Protein chains: 2
Amino acid sequence: MTTLRARQKEDRRNRIVSSAKTLFRKHGYEKTTIEGIAEAAGVSGVTVHNYYGTKAGVLLALVIESDKQLIERLEDSLSRDEDDLIELTIQFARHILDHAIANLDKEIWRQVIAAVTTSAGTQLTKAYFKLDQQLAFVLVRRIEALQAAGKIPESVNAVHLGKALFHLENARFIQFISSDDCTQKDIEERLRNDLTALFAVRAA
Amino acid sequence: MTTLRARQKEDRRNRIVSSAKTLFRKHGYEKTTIEGIAEAAGVSGVTVHNYYGTKAGVLLALVIESDKQLIERLEDSLSRDEDDLIELTIQFARHILDHAIANLDKEIWRQVIAAVTTSAGTQLTKAYFKLDQQLAFVLVRRIEALQAAGKIPESVNAVHLGKALFHLENARFIQFISSDDCTQKDIEERLRNDLTALFAVRAA
DNA sequence: TAAAATTTTTTATTCAATAAAAATTTATGC
DNA sequence: GCATAAATTTTTATTGAATAAAAAATTTTA
């Protein structure tokens, strides 16, 4: 049974997050004030704080929602007949970058990264890392498929490999958002260089 | 010719940074106020802002100084007869983690990462990334040495490999500081897993 | 429907950040 | 060597994030 209070609360959360997204996209992160978000959502500024703790908390909540959608779609949008691990990883990165810039611009993504690191241990950060984990496992499952197809040695630990590739992708993602000049193409090239070099270490 | 003004300015910079380091270590980042730093340094709060822009800017300045020392020493402290790339990289990571926790605690390193990402493009951030670059090249030179010794194929691009390994190490460093529970041992193990999996992709 | 419980709002405070005016100190020309 | 010009710091004031406590409003329940 959902009480009236629970429904009202849920409603306020939705209004706050959706107002925030509009304002962040319209005016950027810095110029958007908590008071502004509150007004657009029809609550008081303190209520926004009570709900999300900080302005960065509101941003994180909004990113978590959009990342859930990304994960839902990613599994399907990754081409199923790519049998080269390098190209697969680059495709994976491409989907993530596409999704990121479709939702928020670089300036705001920088705030996301900052928020995630400073507010380590909070509920929202845990939720964020859980989604990261799920993203990594999309790669893990593809690696297992490649192993089943004989494209990657069975001796390789798919979980370890997937996580390592995800970390690398993530490092390049952060590099992407950290500079306004860095293009998606730059990132793909760097990622390709990374993987080519790493995979060649033990090549015969 | 160094004018009196230039010397005074340099002096104030030193006092601000050194007061800040003391206070950050003593009371943590949040509880240290700009006004407190200013008082300890014998200047006004606005002067601290004029010099470093933000509280995070002061922190960054202080980290850059200490990272310069790290780089100076790192080249020598890395064992010269380690011929396994995995162990070399782990050793590299160990030195960086050791240096990090010897200087500031995790809470403050989180603020450093946040500051670097949010204030992308500023002078201090550029200086920070330049040092990162130098760190990566310590690895690159070791890789070249391993190639010369026939331990790694000459076909591998040492610069690409060094940078990729550095990114991986950096990702694990951020993971280290992001959780109070994560030990250095955990990080070494994860890094070993990363590299073992990556290097085994093309293994015969 | 009235009392109790919960939640939001009001009010107030601290601190970061920024801007403009005022004051101080250093540098320079006579 | 002193008066004036230039540069730099400090004072003062304002906005906004974050937090806490009291007051007000609304929902729940008895």
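Values below: every heavy atom of this structure, side chains too, minus hydrogens, waters and symmetry copies. Small disclaimer: the values here were computed from a predicted structure and weren't measured. In the text below, chain A, chain B and the rest are named by the order of the sequence lines, each starting its count at 1.
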In whole angstroms, how far is the [atom2] atom of [N] from the [atom1] atom of [X]?
X	N	atom1	atom2	result
A:Glu35	D:dA18	CD	C1'	12 Å
B:Glu39	C:dC15	CD	P	12 Å
B:Tyr52	C:dT18	OH	P	16 Å

Examine the side chains of [X] and [Y] and answer whether a donor and an acceptor come within less than 3.5 Å of each other.
X	Y	result
A:Thr22	A:Ser19	no
B:Tyr51	B:Arg12	yes
B:Gln184	B:Asp98	yes
B:Gln175	B:Asp186	no

(request) Taking only the side-chain nitrogens and oxygens of B:Tyr51, find out if one of them lies under 4.0 Å from OP1 or OP2 of D:dT8. (result) no

(message) Any side-chain N or O of A:Gln8 below 4.0 angstrom from OP1/OP2 of D:dT27?
(response) yes

(request) Scan B:Gly53 against the nucleic acid and name what it touches under 4.0 Å (heavy atoms): base, sugar-phosphate only, or nothing. (result) sugar-phosphate

N/O to N/O distances under 3.5 Å, protein versus nucleotides 22-24 of chain C:
none

Side chain of [X], heavy atoms from C-beta onward: which of [options] has the nearest atom to it?
X	options	result
B:Thr54	D:dA18, C:dA17, C:dA16	C:dA17
A:Val46	D:dT8, C:dT10, D:dA18	C:dT10
B:Lys55	D:dT10, D:dT9, C:dA16	C:dA16
B:Ile34	C:dT26, D:dT10, C:dA16	C:dA16
B:Ser44	D:dT11, C:dT8, D:dT28	D:dT11

(message) On DNA chain C, compare the nucleotides closest to A:Lys9 and B:Thr33; which residue's is nearer the 5' end?
(response) A:Lys9

(message) For B:Ala6 and B:His49, find the nucleotide of DNA chain C closest to each by heavy atoms; which residue's nucleotide sits nearer the 5' end?
(response) B:His49

(message) Assess whether a salt bridge exists between B:Arg142 and B:Glu82, defined as any Lys/Arg side-chain N lying under 4.0 Å from an Asp/Glu carboxylate O.
(response) no

(message) Is the distance from the ring center of A:Trp109 to that of A:Phe176 below 6.0 Å?
(response) no

